[in-house]
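Letters go in sequence order (proteins before strands), and every chain restarts at 1.
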2 protein chains.
Amino acid sequence: MLHADPVLLRREAEPTQSFYGPAPGSGLRFSLVPMGACIPFARNAEIYAEDEPPEYLYMVAKGAVRSYKLLSDGRRQIEAFYLPGDLFGIEAGDKHRFSAEAISGSTVWVVKRSVVDRVAQRDSAVARELWMLAAQHLARAQDHLLLLARHKAHERIAAFLLEMAKRSGDAEGEVELPMARQDIADYLGLTIETVSRTFTEMVHAATFSLRSTRRVLLRDRAALARLNA
Amino acid sequence: MLHADPVLLRREAEPTQSFYGPAPGSGLRFSLVPMGACIPFARNAEIYAEDEPPEYLYMVAKGAVRSYKLLSDGRRQIEAFYLPGDLFGIEAGDKHRFSAEAISGSTVWVVKRSVVDRVAQRDSAVARELWMLAAQHLARAQDHLLLLARHKAHERIAAFLLEMAKRSGDAEGEVELPMARQDIADYLGLTIETVSRTFTEMVHAATFSLRSTRRVLLRDRAALARLNA
DNA sequence: CGATTCATTGACTAGAATCAAATACCGTGG
DNA sequence: CCACGGTATTTGATTCTAGTCAATGAATCG
């Protein structure tokens, strides 16, 4: 049963930590009042596909999601990764511009778009939050753009690791990467071989170390920051 | 003297042509009721700078504008070009994320952000337009992203020319480029030499011809579209 | 018309892609 | 616990695209 006038989106106070795990520093920090369903997706399961009508607004509760596009020749570009607390899938147009898949087993909160629209129409604060959400996605896309246009492989990897560290609320420089090397490559506009080689070189340079394939320990943040500039 | 409740933004009907020259197919087709000032900017004049507080919303009336960022090592990335009819400069945050300059002598409509905010608060249709605007900028940034991540020089040039043709409402495949080769290079993540060479090669391949340095005549749209895929 | 900026062309280099193979990791079943 | 098959990752050799450095040619503006 829905409230008569539900609060749909609420920007979180910076230091707050909600029970389903927000993404600190992600720039997409909202709480979604659990008025929608919370749905599990298996590893690699499709959440929505490109060109489908956008029926829902999503928020990652647990796991990780990739948003991507396939080019006609098979190349894949990952546009964004979504981590717990991140909102995604809301569109201004009438189709999804990207596909979305769960990277690992994930659970996702889902709210009907029609509900969002209705609330936004009545409540200018919610309308403003929608605008801010789009603006934050835009800011991320612009940063990503810059990375792809003007940065070398080492700089892309450095920026990626710093971003992941920030977004996953890294304790002591330990970052757990939820995605495979191929995903990182497709996000950074590189090949998997270049990602792998660059990792190896940076480990040799003691910039970071690999506690396992997916667990990174940042050792020289100054060096990473320098590459990130 | 302002209206008590001015209509600030009005989406244009598709085939309409407003007197100050909109950008057909640009995805940013709005009319700005002339309640702000119309200001002239000389070639290369700064409209706003990165990190400045965003005080205004702008619309190109005549000319062209580039939005860009300078990296610490002097590299420049142009994030977007704005043509007549395009809205730009509105930010969700408290600083401009890019700088903006007039490419050629231009005139720009300017409305105070505080006015926009006030109107959006009262009028949910205007709030929605602001959201749509951000979403359209996002869509452009995403397309641009894809181009930079996954496309070769020829493909980038092809996409750029098709985009410019579409946005400038090309009559018979004639496109007037308002920007210099260096701007194109900095937009496409290439060097000026690569842009120049690629132009030359595509002219030899009869994909297009140059009526002058800045005037392009598209000859083989199929070839361009193929590269654009 | 001359000065300056902009664009093109050429020779060479660097960085990442490609092609190919070896190694590590992981879940499953014996 | 270990062997096995499949997947993911790393490493190596080579190629190719675009960048860099350098010089020439064209366009534009007082």
His154(B)-Glu201(B) side chain donor-acceptor pair, cut-off 3.5 Å
yes

Look at Thr200(A) and dT11(D) and indicate whether a side-chain polar atom (N or O) is within less than 4.0 Å of OP1 or OP2.
yes

Can you work out whether Ser196(A) or Thr198(B) has the more 5'-proximal nearest nucleotide on DNA chain D?
Ser196(A)

Integer-rounded Å distance: dA8(D) P and Phe199(A) CZ
16 Å

Give the rounded distance in Å between these two atoms: CZ of Arg43(B) and C1' of dT4(C).
11 Å

Aromatic contact between Tyr48(A) and Tyr56(A), with the criterion being ring centroids under 6.0 Å apart: yes or no?
no

With distance as the sole criterion, is a donor-acceptor pair present between the side chains of Arg66(B) and Asn44(B) under 3.5 Å?
yes

Contact pattern, 5' to 3', of nucleotides 17-24 of chain C - B, S or - by protein heavy atom under 4.0 Å:
SBB-----

Are there more than 12 heavy atoms of other residues, nucleotides or ligands under 6.0 Å from atom CZ of Arg75(B)?
yes

Going by distance alone, is a donor N or O of one side chain under 3.5 Å from an acceptor N or O of the other, for Arg219(B) and Ser209(B)?
yes

Using whole Å, what does the distance between atom P of nucleotide dC21(D) and atom CD1 of Ile192(B) come to?
15 Å

What nucleotide, of dA18(D), dT9(D), dA16(C), holds the atom closest to the side chain of Arg214(A)?
dT9(D)

Any chance the rings of Tyr187(A) and Tyr68(A) have centres within less than 6.0 Å?
no

Write down the distance between CE (Met179(B)) and P (dA7(C)), rounded to a whole number of angstrom.
12 Å

Atom NE2 of His154(A) to atom C1' of dA14(C): distance rounded to whole Å?
13 Å

Both conditions, 6.0 Å and 45 degrees, for the charged tip of Arg181(B) above the ring of Phe199(B): are they met here?
yes

Tell me the interatomic distance from Leu210(B), atom CG, to dT8(C), atom C1', rounded to whole angstroms.
11 Å

Given atom CD of Glu155(A) and atom P of dG15(C), what is their separation to the nearest angstrom?
11 Å

In whole angstrom, what separates Arg211(A)'s CZ from dC25(C)'s C1'?
18 Å

